[in-house]
Amino acid sequence: DAKTTQPPSMDCAEGRAANLPCNHSTISGNEYVYWYRQIHSQGPQYIIHGLKNNETNEMASLIITEDRKSSTLILPHATLRDTAVYYCIVGGIYNQGGKLIFGQGTELSVKP
Amino acid sequence: SQTIHQWPATLVQPVGSPLSLECTVEGTSNPNLYWYRQAAGRGLQLLFYSVGIGQISSEVPQNLSASRPQDRQFILSSKKLLLSDSGFYLCAWSEGYGYTFGSGTRLTVV
């Protein structure tokens with residue numbers, strides 16, 4: 001399974017966009033990029049995933065570079081409730097035996 | 001809709017005692033099931049995963065074992081707990097893209 005590199009922590013002002021980077025230079029062709037977040041003492045929550053195209057849902061946008069070696073998760077208007085640890089993971093889907101290996105993530109602090 | 005149940009929420013056990021944590025999934029068939037452990041508040045470590053009844057893969061050698069007696073039931077066990085087994089244990093399931101996690105069990109071994 002490919003590994004990812006994320007900054008350990010980031011700050012963001014409330015109402016501004018939060019841009020969380022992730023490097024995954026060893027990603028293979030059939031691996032997806034997943035983003036999860038974990039609020040203290042809770043189970044991780046799925047945010048978004050993508051293969052090679054940019055993706056958007058009600059929570060966030062995912063921008064994947066053309067060479068797929070890095071990606072950025074964008075929270076367009078961060079709120080205090082977005083304070084959490086954000087994990088970028090690469091892995092396959094379940095019917096390909098995929099399993100998700102979590103790294104240390106980025107601790108995002110949204111400040112008033 | 002699919003739901004995942006994990007219990008208990010918190011557990012305090014003495015060193016050397018046995019452990020049994022249970023996870024059940026509703027609303028799906030033949031899911032992949034996973035056990036993770038999180039120590040010191042960061043970094044989830046994959047312990048076991050299962051692609052079907054009786055099929056268990058272990059990711060790391062440890063004092064724990066897992067079993068899947070039914071399609072939607074995943075059990076984490078230990079015969080004798082160690083202090084180092086303390087942590088936040090999370091069960092998850094998947095049948096496609098991404099995982100859904102349970103609410104976790106916080107285990108403290110004393």
Side-chain angles (χ1 to χ4, degrees), chain A residues 1-10 30-53 55 57-60 62 64 71 73 83-109, chain B residues 2-11 21 23 25 28-52 55-60 66 71 74 86-108:
Chain A
D1 297 293
K3 293 184 178 178
T4 62
T5 303
Q6 299 177 254
S9 63
M10 291 181 63
N30 63 348
E31 288 184 316
Y32 289 74
V33 180
Y34 296 88
W35 282 85
Y36 286 77
R37 72 180 184 185
Q38 186 177 25
I39 297 170
H40 182 63
S41 296
Q42 297 182 22
Q45 175 192 23
Y46 166 83
I47 301 174
I48 199 167
H49 77 278
L51 184 62
K52 54 183 179 181
N53 297 322
E55 302 288 343
N57 63 20
E58 65 278 4
M59 290 183 67
L62 173 60
I64 303 174
S71 61
L73 178 75
T83 293
V85 178
Y86 287 77
Y87 295 98
C88 168
I89 308 153
V90 295
I93 59 174
Y94 95 111
N95 60 2
Q96 294 174 355
K99 52 186 184 293
L100 302 186
I101 306 299
F102 286 71
Q104 295 301 305
T106 295
E107 187 164 12
L108 176 69
S109 296
Chain B
Q2 301 93 343
T3 57
I4 180 168
H5 301 281
Q6 193 179 342
W7 68 92
T10 60
L11 189 61
L21 300 181
C23 171
V25 181
T28 184
S29 296
N30 197 31
N32 278 14
L33 297 172
Y34 306 84
W35 277 110
Y36 285 85
R37 177 171 61 196
Q38 186 172 39
R42 294 273 292 269
L44 283 79
Q45 180 185 36
L46 178 62
L47 301 176
F48 301 97
Y49 72 97
S50 171
V51 299
Q55 301 179 61
I56 307 295
S57 295
S58 175
E59 287 294 298
V60 294
D71 181 45
F74 204 23
S86 294
F88 189 42
Y89 288 83
L90 289 155
C91 178
W93 73 274
S94 176
E95 62 173 9
Y97 302 103
Y99 291 8
T100 300
F101 284 84
S103 54
T105 295
R106 189 161 301 281
L107 171 67
T108 303

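A note on names: the letters A, B, ... follow the listed sequences, proteins ahead of strands, and every chain is numbered from 1. Note that the structure is a prediction, hence the values are computed from the model and not measured.
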Query raised in the report: Going through the checks in order, is the side-chain contact (heavy atoms from CB on, under 4.5 Å) test met by Leu46(B) and Phe102(A)?
Result: CA-CA 8 Å; Leu46(B) 178 62; Phe102(A) 286 71; over 6 Å; no
Report task. Measure centre to centre between the rings of Tyr99(B) and Tyr32(A), then say whether the value is under 6.0 Å. Result ->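 Aromatic pair excluded; centres sit 6.0 Å or further apart.
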Requested in this report: Tell me, with the steps shown, if Leu90(B) and Gln38(A) meet side-chain contact (heavy atoms from CB on, under 4.5 Å).
Outcome: CA-CA 12 Å; Leu90(B) 289 155; Gln38(A) 186 177 25; 4.2 Å; yes
Query - Top contributor to chain B contacts, counting heavy-atom pairs under 4.5 Å, from Ser41(A), Gly43(A), Pro44(A) - result: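 Sorted descending by pairs with chain B, the first entry is Pro44(A).
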Query raised in the report: Is the shortest heavy-atom distance from the side chain of Phe101(B) to the side chain of Tyr36(A) under 4.5 Å?
Result: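 Counting from C-beta outward, Phe101(B) and Tyr36(A) do come under 4.5 Å.
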Report task. Taking the side chain as every heavy atom from C-beta outward, state whether Leu100(A) and Tyr49(B) have any atom pair closer than 4.5 Å. Result ->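 Leu100(A) vs Tyr49(B): side chains apart.
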Requested in this report: Could you tell me the separation between the CD1 atom of Ile101(A) and the CD atom of Glu59(B), rounded to the nearest 0.5 Å?
Outcome: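 Going from the CD1 atom of Ile101(A) to the CD atom of Glu59(B) covers 5.5 Å.
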